[in-house]
2 protein chains.
Amino acid sequence: MIRDDEEPVGLGALDRVTWALRRAELAVQTLKEQRLRPLGMAAAHYTLLMSVHSEPGLAGAELARRLNVTPQAVASLVARLEGRGQLERRAHPRHRHVQELHLTDAGREALRAADQVIADIERHITEGLGPDESAQLRTLLERVSKTVRDA
Amino acid sequence: MIRDDEEPVGLGALDRVTWALRRAELAVQTLKEQRLRPLGMAAAHYTLLMSVHSEPGLAGAELARRLNVTPQAVASLVARLEGRGQLERRAHPRHRHVQELHLTDAGREALRAADQVIADIERHITEGLGPDESAQLRTLLERVSKTVRDA
DNA sequence: AGCCTTGTGTCAAACGCTTGATTCTCATGA
DNA sequence: TCATGAGAATCAAGCGTTTGACACAAGGCT
């Protein structure tokens with residue numbers, strides 16, 4: 001049996017799955033930023049608004065964990081979005097120190113406009129792949145996430 | 001036929017392909033950073049060294065384009081790696097202003113150690129998926145990249 | 001009750017990257 | 001030949017994020 005690691009360092013490292021993954025994600029993210037810019041919104045803002053929309057009333061720290069960023073990063077984004085009147089911070093009924101996050105009407109409208117752009121990109125991709133391949137891809141990506149998470 | 005966009009903003013946006021893509025990439029990247037940290041190397045350093053290894057002698061600006069970052073970011077990384085003695089800048093024979101990038105012996109050794117870690121992660125993922133699914137995933141990701149690039 | 005652990009939010013400093021503008025070299029064309 | 005344009009590198013400034021440290025509130029424990 002022939003060892004395939006005689007090469008001191010991986011040539012052929014270019015067509016690894018993780019490289020393809022990185023490039024695809026980078027391309028998608030870049031496109032999202034480009035399309036979102038005319039709306040005066042960054043991808044991070046959209047992600048945060050969408051998260052708050054899907055689960056209203058969650059705290060900044062909890063939000064930080066889900067987005068895999070630090071609480072300070074969330075606080076920074078929240079402060080900006082609050083300044084625009086798209087997001088509001090309310091005091092938690094039990095824990096006075098904690099502050100729940102909720103969308104304002106303006107926030108919902110901004111999210112709706114942004115989501116139209118994002119959904120359009122998503123549609124373009126899924127149509128390019130076809131429904132079967134899209135489902136396949138999503139399944140495979142989920143398996144990768146799970147595999148990596150409990151590595 | 002029932003329209004599926006009656007909802008003002010995408011519920012079910014959580015299981016979009018691009019979200020799965022983002023989460024998978026984030027998980028992989030995080031794992032790489034964790035495993036690379038004990039070696040005193042960041043993922044960006046590894047990527048740069050690998051790029052220079054696969055194509056020795058290329059310029060900083062060209063490298064920046066391939067990695068989708070700015071020339072300054074590359075210059076910053078190069079300066080650091082040069083300080084460690086893992087990378088060296090030589091004057092281009094024709095264009096004296098341009099500087100070719102080459103790996104030193106220490107750089108090759110550091111890259112070899114780092115690549116062992118990265119290859120191990122790659123192996124863990126591909127084994128978890130199986131060879132057929134791995135090839136499928138890589139193909140699908142390539143198609144996504146291509147679809148997005150000329151969007 | 002009092003202590004202590006957990007979790008949240010905030011401040012300050014450092015780091016990394018991007019944007020913008022400048023300088024320098026080499027190549028091309030009048 | 002000289003001028004003009006394109007590409008590469010560098011400097012300066014600004015922004016966003018991470019890291020580290022601290023204060024505060026609620027629940028659990030002896």
Side-chain angles (χ1 to χ4, degrees), chain A residues 22 25-26 29-34 36-38 40-49 51-52 55-84 87-102, chain B residues 22 25-26 29-34 36-38 40-49 51-52 55-84 87-102:
Chain A
R22 174 171 168 75
E25 156 65 9
L26 195 58
Q29 206 62 22
T30 300
L31 182 60
K32 284 185 178 180
E33 294 281 0
Q34 285 178 359
L36 244 37
R37 184 176 302 271
M41 187 180 298
H45 299 156
Y46 165 76
T47 304
L48 196 150
L49 289 178
S51 299
V52 174
E55 301 184 63
L58 44 67
E62 180 62 26
L63 192 47
R65 276 188 291 272
R66 315 214 172 185
L67 302 183
N68 278 290
V69 293
T70 57
Q72 290 82 350
V74 171
S76 176
L77 289 172
V78 167
R80 177 164 308 189
L81 293 172
E82 189 182 22
R84 293 185 192 173
L87 201 66
E88 63 178 1
R89 298 190 283 186
R90 304 178 192 167
H92 189 99
R94 287 192 70 84
H95 306 266
R96 191 175 42 182
H97 197 299
V98 179
Q99 32 198 333
E100 296 183 337
L101 297 176
H102 293 273
Chain B
R22 175 173 170 74
E25 156 66 9
L26 196 58
Q29 205 64 20
T30 301
L31 182 60
K32 285 185 178 180
E33 295 281 0
Q34 286 178 359
L36 244 36
R37 183 175 304 271
M41 187 179 297
H45 298 158
Y46 165 76
T47 304
L48 196 151
L49 289 179
S51 299
V52 174
E55 299 186 63
L58 43 69
E62 181 61 26
L63 192 47
R65 277 188 290 271
R66 314 214 172 184
L67 301 182
N68 278 288
V69 295
T70 58
Q72 289 81 352
V74 171
S76 176
L77 289 173
V78 167
R80 176 164 309 188
L81 293 173
E82 189 182 20
R84 292 186 191 171
L87 202 67
E88 63 178 2
R89 299 190 283 187
R90 304 178 191 165
H92 189 99
R94 285 193 71 84
H95 306 267
R96 191 173 45 182
H97 196 301
V98 179
Q99 33 198 333
E100 296 183 339
L101 298 177
H102 292 274

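So you know, we letter chains A, B, ... as the sequences are listed, proteins then strands, and number each from 1.
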Can you tell if the side chain of [X] reaches within under 4.5 Å of the side chain of [Y], non-hydrogen atoms only?
X: B:Val78; Y: B:Gln99; answer: no
X: A:His45; Y: A:Leu36; answer: no
X: B:Leu48; Y: B:Leu87; answer: yes

Worksheet item: Does B:Thr70 place a side-chain N or O at less than 4.0 Å from the phosphate oxygens OP1/OP2 of C:dC17?
Response: no

Discussion item. My understanding is that only residues two or more places apart in sequence, or in another chain, count here; which of them pass ring-ring contact (aromatic ring centres under 6.0 Å, His included) with A:His95?
Written reply: A:His92

Fill in: ring-ring contact (aromatic ring centres under 6.0 Å, His included) partners of B:His102, counting only residues at least two apart
none

Worksheet entry | Out of C:dC15, C:dT25, C:dC17, whichever nucleotide has its closest atom nearest the side chain of B:Ala73 | C:dC17

Worksheet, complete the sentence: Sequence neighbours excluded, the answer for salt bridge (charged side-chain N to carboxylate O under 4.0 Å, His left out) partners of B:Glu62 is B:Arg65, B:Arg66

Item to complete: Using salt bridge (charged side-chain N to carboxylate O under 4.0 Å, His left out) as the criterion, list what pairs up with B:Arg90, not counting sequence neighbours.
Response: B:Glu88

Discussion item. Taking any atom closer than 4.0 angstrom to a non-hydrogen atom of chain A, what span of DNA chain D does the protein reach, first nucleotide to last?
Written reply: D:dG16 to D:dG27

Item to complete: Any chance you could list the contact pattern along nucleotides 2-14 of chain C? Use B for base contacts, S for sugar-phosphate-only contacts and - for none, protein heavy atoms under 4.0 Å, 5' to 3'.
Response: ------BSBB---

Worksheet item: Counting only N and O atoms by type, is there a donor-acceptor contact under 3.5 Å from the side chain of A:Ser76 to the main-chain atoms of A:Gln72?
Response: no

Worksheet item: If you pin A:Asn68 and A:Arg94 to their nearest nucleotides in DNA chain D, which one's is more 5'?
Response: A:Asn68

